[in-house]
Amino acid sequence: MLEGKKVHFIAIGGSVMHNLAICLHRLGNQVSGSDDMFFNPSKGNLKREGLLPEADGWHPNRVDNSLDYVILGMHAKADNPELLKAQELGLPVYSFPEFIYEASRNKKRVVVAGSHGKTSITSMIMHILKEANKDFDYLVGAQLEGFDQMVKLSNAPVIIIEGDEYTTSPLDLTPKFLHYHHDIACISGIAWDHFNVFPTFENYKEQFRKFVELTPTNGKLYYYNGDQELTKIIDDQEGEEERFSPYSEHPNTVRMGKTILKSHGAEYVIEVFGKHNMENLQVAKNILLDLGITESEFYQHIKTFGGAAKRLEKIGENENTIVFKDFAHAPSKLKATSTAVHEQFPDRQTFAVLELHTFSSLNPEFIDQYAHAFDAPENAVVFINPEIMKKKGFELFTQEEIRNAFQREDLLLLCDAEALEKTLLAQNWKNKNLLLMSSGNYGGLNLEKITATILES
């Protein structure tokens, strides 16, 4: 299945899709693909590999009986002309999670799930396996330092999978993580997300219940025992408690802005910080021990783990200020990230900016979920790009609506990139850190330029 095949990707431009296409191409398969538009980095990556289509758009003539199978991306619609042609010809059509499962049937499958922390936990596991010279495959939803691709498939005995709960494809509304059929798994917590496909919290929790129930009799699932909703789901699994194991944060202390792990009387200074990362680190350790990593190997290599990209990523620093960038957007992620920076540097103020960018975060029916999630920073700003709001079909929030939703009276709402830049540059940055949280781009704001200006002031 992994070598010598002719494969066509429908919606090849997606982040995971184009990485999977490159992976199969490098394994010696004949790979083609289509998409209605391409953006970097996928456009540049596909071009370098000779896989970028000559023309954008959907072209049914690219689909014929010479293909061994088709891989369908979430971005494609159910009436996609290439998909219809593949169905008419009776070709095998896989979503990428279905394909990953088929390609890893004979491997031990480790799936990292949860509403937050998935990328961080997955990257911790991958970093330590790599440093310990272990052979493994992986699927992760972000570009990680030390790994040139987001997907690797080979003859390795183990695959590490970041298990997203979002729907699989236009033909399959099953959450992706239900397709992987884990042997070992973890759930970091459950906090309502993806409002556009899971309109109620009960519906959202049900997907995790299904995931828990997929744990095989001889398998293992670790769950964060500080999450009441998750613990309720585990407690409902009567009679097979040996499959499920709780975890909490790894013992640690903070001295002089540095986090130090404690284990058996020894101390280890590490680069990542925050209560949420101590939880992530503990479950990563549990899984790694199951995979044959020793405790000494774990502590040796976790010291060099610098964090996943855009997850509390340090993008600039001087003696007065550190500038962090983070992907946080959902309420639970916002609370964990902003609290972590505030608590790690008690002698400095935290100036935090959150861009509301996703469908859920901009939805008037969901916005109240942010209540008290942004309490920790001394200064808090919410940024909304009016064009993004308009594209998603919503009316722009007022200052009062945002303050009521977040339950914070001094919260500042900004809706213009220039106004945000002026606000940032007007601050006195002595003994003050900047935390920038977004899955967007702040209306095109030049973060590198602003960071340089702040650090020079």
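Start at 1 with the first residue, then count along the sequence. Just so we're clear, the structure is a prediction, and the values are computed from it rather than from any experiment.
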S.K.: Among side-chain atoms of His357 and Ser438, is any donor-acceptor pair under 3.5 angstrom?
M.R.: no

S.K.: Under 3.5 Å, is there a donor-acceptor pair between the side chain of Gln407 and the main chain of Ala371?
M.R.: no

S.K.: Should Val111 and His181 count as side-chain neighbours, where that means a heavy-atom distance under 4.5 Å?
M.R.: no

S.K.: Please check this pair: side chain of Asp227 against backbone of Leu230, looking for a donor-acceptor N/O pair closer than 3.5 Å.
M.R.: yes

S.K.: Hey, are Glu279 and Lys275 close enough for a salt bridge, meaning a charged N less than 4.0 Å from a carboxylate O?
M.R.: yes

S.K.: Salt bridge check: are Lys108 and Asp290 linked by an N-O gap of less than 4.0 Å?
M.R.: no

S.K.: Are the charged groups of Asp326 and Arg311 less than 4.0 angstrom apart, N to O?
M.R.: no

S.K.: Can you sort out the partners of Glu297 under side-chain hydrogen bond (donor to acceptor under 3.5 Å, both in side chains), two or more places apart, ordered by chain and number?
M.R.: Thr294

S.K.: For the pair Arg209 and Glu206, find out whether any cationic side-chain nitrogen is under 4.0 Å from an anionic carboxylate oxygen.
M.R.: yes

S.K.: Could you tell me which residues satisfy side-chain hydrogen bond (donor to acceptor under 3.5 Å, both in side chains) with Tyr204, sequence neighbours excluded, listed by chain and number?
M.R.: Ser115, Glu165

S.K.: Quick one: does any side-chain atom of Asn277 pair with a main-chain N or O of Asn280 as donor and acceptor, under 3.5 Å?
M.R.: no

S.K.: Kindly determine whether Glu271 and Lys314 satisfy salt bridge (charged side-chain N to carboxylate O under 4.0 Å, His left out), including the steps that lead there.
M.R.: CA-CA 10 Å; Glu271 296 183 35; Lys314 188 187 296 184; over 6 Å; no

S.K.: So among Tyr222, Tyr247, Tyr224, which one has a side chain to side chain contact (heavy atoms under 4.5 Å, CB included) with Ser188?
M.R.: Tyr247

S.K.: State which residue, out of Tyr268, Tyr299, Phe273, fulfils the ring-ring contact (aromatic ring centres under 6.0 Å, His included) condition with His250.
M.R.: Tyr299

S.K.: Between Glu242 and Lys220 (salt bridge meaning N to carboxylate O under 4.0 Å), is one present in this structure?
M.R.: no

S.K.: Can you list, pair by pair, the side-chain donor-acceptor contacts under 3.5 Å of residues 408-417, counting residues two or more places apart and other chains?
M.R.:
| from | atom 1 | to | atom 2 | distance (Å) |
| --- | --- | --- | --- | --- |
| Arg408 | NE | Asp410 | OD1 | 2.6 |
| Arg408 | NH1 | Phe374 | O | 2.7 |
| Arg408 | NH1 | Asp375 | O | 3.4 |
| Arg408 | NH1 | Pro377 | O | 2.8 |
| Arg408 | NH2 | Pro377 | O | 2.8 |
| Arg408 | NH2 | Glu378 | O | 3.0 |
| Arg408 | NH2 | Asp410 | OD2 | 3.4 |
| Asp416 | OD2 | Glu418 | N | 3.1 |
| Asp416 | OD2 | Ala419 | N | 2.9 |

